[in-house]
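Input: a single structure, listed below in structure tokens.
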Amino acid sequence: MKTLIVGLNYAPEPSGNAPYTTKLAQGLAARGVTVNVLTGYPHYPQWKIVDGYKGLSMEENLEAVPVKRLRSTVPRRPNGIGRFIMEVTFGARTVLERWHRPDVVLVVSPALFSAAFAILRARIFRVPVGIWVQDLYSKGMEETSGVPSPLASVMKRIESAILKAADGVSVIHERFRDHLVDELGVPADRVRVIRNWTHVRHHHSFDRSAARDRLGWAPTDFVALHAGNMGVKQGLENLVAAAGVAERGGSDVRFVLLGNGNQRRFLESEGHGVDRLQFLEPLPDRAYSEALRSADVLIVNERPGVREMSVPSKLTSYFVTGLPVVAATEAGSATSHELSAAGAGVRAEPGTPEDLVAAIELLREDPGSAREFGAAGQQYSEKVLSEKVAVDNYAAWLSDLASRKRSH
């Protein structure tokens, strides 16, 4: 089977959907699938093309996978218009590239608009095409703005049309499937749920005390760490405010934000002078794993109103650490559902820093429950969020899509 994967994000980008696309491509190749990748220049989460990537296109071979990179615009401030232009320029370039006659095409969303270009070309040339949905665009517009809008309604119709144009749709959570079928009108028999997995390796041993010392954490600090993108939907001003609450209350809780994103400078400005708050630059895989495992509790934070638009990919990396999770998220959200299914932690009210601090303090005062939450998360990761199971499921799904070409 010859498979073409088209997605804007790929390694060496450390977060977002790039690690999943990369691991899937490598996993398929290891299973004997001929894989080619069309992707963009690495730019996320800093929204700046990484040094060393020049020209209009580049070819690489990463872990036995041929990767062709196509340059697109990258907005300095990733607002709606900037992202739209970036997706359209990347999508237009993918349409004009040689595809080497694949048996099946897999497009990754986000980016939805660039995916639409690839789906259109695949349909014209009668190549089966599947779309892998990591986020819901129209839900994102509704939930980040807080109110329904005409633009969100238009986006919902566009998203529906694009998804229905594919031969198959893979989603990362059952809640996404329900939304696609019930709200976007995608036929249920075209939607497959295949869960994301942890892309961070936590297997090596290390000196936890030495790691905490390197990171500047005192033995008395109870470290609450948020790792990953610092964007709008994360609403991380809540963590900055919580650090202030902890400091004024004389708490031992230390809030750490690890990563990058378009809101980082704003957050650093908001938190200037708060001693119980620390920002860390993105770390390579081994150091990242050690930072996560050296914390005491791991944080997911979402803006008030965010319920269905995404399932934070960081949860897969969190659960496998054996540490408890505190999620500041709406009751009944997809994130809350996932945390409950895993039994891996507690929920706090979003946008309420006092409640977030109280939830963390609860775990600090009850180490037995914290250990139980951590162990439950590990068990859930092993049973439900296995990389091998996920890649096997993708291989079977893509093979099924490819067989439709042969049957015609």
Side-chain angles (χ1 to χ4, degrees), residues 15-17 44-45 47 75 77-83 110 112 133-149 151-153 155-156 159 172-173 175-176 179 183 224-246 255-271 274 277 279 297-315 318 325-340 345-360:
S15 58
N17 60 52
Y44 185 83
W47 294 97
R77 295 186 178 182
N79 55 26
I81 295 296
R83 290 190 185 202
L112 181 67
V133 177
Q134 295 276 357
D135 281 340
L136 300 171
Y137 269 58
S138 54
K139 268 295 177 186
M141 292 182 71
E142 288 179 12
E143 294 180 352
T144 54
S145 67
V147 293
S149 68
L151 186 58
S153 179
M155 184 65 242
K156 184 175 181 179
E159 186 172 29
I172 62 172
H173 200 272
R175 296 282 285 268
F176 280 24
H179 179 74
E183 300 295 326
L225 184 146
H226 177 281
N229 184 42
M230 302 181 193
V232 173
K233 72 180 179 184
Q234 284 78 25
L236 293 174
E237 57 272 15
N238 186 48
L239 266 69
V240 173
V245 170
F255 286 87
V256 179
L257 277 70
L258 167 60
N260 210 333
N262 60 26
Q263 295 295 298
R264 175 161 172 163
R265 288 186 181 179
F266 165 74
L267 295 168
E268 288 175 324
S269 175
E270 288 290 297
V274 179
L277 178 67
F279 289 84
V297 62
L298 300 172
I299 305 296
V300 175
N301 196 88
E302 294 178 330
R303 284 184 58 171
V306 171
R307 290 181 174 87
E308 305 290 347
M309 65 179 286
S310 64
V311 180
S313 60
K314 63 175 61 66
L315 282 176
Y318 282 4
V325 177
V326 173
T329 183
E330 298 280 2
S333 69
T335 298
S336 176
H337 178 274
E338 187 71 354
L339 187 67
S340 296
V346 296
R347 188 187 72 85
E349 285 298 319
T352 311
E354 295 82 5
D355 198 50
L356 178 57
V357 173
I360 296 167

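As the structure is a prediction and not an experimental result, all values here were calculated from the model.
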In short, Gly351 meets Asn238 closest at the heavy-atom pair C-OD1, 3.4 Å
With Glu338 via salt bridge (charged side-chain N to carboxylate O under 4.0 Å, His left out) - residues at least two apart: Arg195
For the student: nearest non-hydrogen atoms of Leu339 and Val346, plus distance: CD2-O, 3.4 Å
For Gly235, does its backbone N or O pair with a side-chain atom of Asn301 as donor and acceptor, under 3.5 Å? yes
Side-chain heavy-atom pair Leu136, His179 within 4.5 angstrom cut-off: yes
Quick check: does any side chain N or O of Gln263 sit under 3.5 Å from a backbone N or O of Val232, one acting as donor and the other as acceptor? no
Report the C-alpha separation of Ile172 and Val133 in whole Å, then their side-chain angles, then the decisive distance to 0.1 Å, and conclude whether the side chain to side chain contact (heavy atoms under 4.5 Å, CB included) test is met. CA-CA 7 Å; Ile172 62 172; Val133 177; over 6 Å; no
Residue pair Glu330 / Arg347, side-chain heavy-atom distance below 4.5 Å: no
Report yes or no: does Ser333 contribute a side-chain atom to a donor-acceptor pair with the main-chain N or O of Ala331 at less than 3.5 Å? no
If you look at every heavy atom in Ala328 and Leu356, which pair is closest and at what distance? CB-CD1, 4.4 Å
Quick check: closest heavy atoms across Gly231 and Asn262, and the distance to 0.1 Å? CA-OD1, 3.5 Å
Here the gap from Ile299 atom CD1 to Leu258 atom CG, rounded to the nearest 0.5 Å, amounts to 13.0 Å
With heavy-atom distances below 4.5 Å as the criterion, would you say the side chains of Asn260 and Phe279 are in contact? no
Please round to the nearest 0.5 Å and tell me the distance separating atom CZ of Arg77 and atom CZ of Arg83. 14.0 Å
Side-chain donor-acceptor contact under 3.5 Å, Tyr44 with Asn229: yes
Taking the side chain as everything from C-beta on, heavy atoms only, tell me whether Pro110 gets closer than 4.5 Å to Asn17. yes
If I take atom CZ from residue Arg264 and atom OG from residue Ser269, how far apart are they, to the nearest 0.5 angstrom? 13.0 Å
Test Thr329 against every option in Glu302, Glu349, Arg303 by the side chain to side chain contact (heavy atoms under 4.5 Å, CB included) rule and name the one that passes. Glu302
Is Phe176 close to Gln134 at the side-chain level, that is, under 4.5 Å between some pair of heavy atoms? no
Separation between CZ (Phe255) and CG (Leu277), nearest 0.5 Å, reads 9.0 Å
Just wondering, do Met155 and Leu112 contact through their side chains at under 4.5 Å, heavy atoms? yes
I'd like to know if the side chain of Tyr318 reaches the main chain of Val300, judged simply by a donor and an acceptor atom lying under 3.5 Å from each other, with no hydrogens or angles considered. no
Below 4.5 Å, heavy atoms only, C-beta onward: do Leu236 and Met230 meet side chain to side chain? yes
Which is it for Val325 and Val297 under the side chain to side chain contact (heavy atoms under 4.5 Å, CB included) test, yes or no, and what are the steps along the way? CA-CA 6 Å; Val325 177; Val297 62; over 6 Å; no
Is the shortest heavy-atom distance from the side chain of Glu237 to the side chain of Leu267 under 4.5 Å? yes
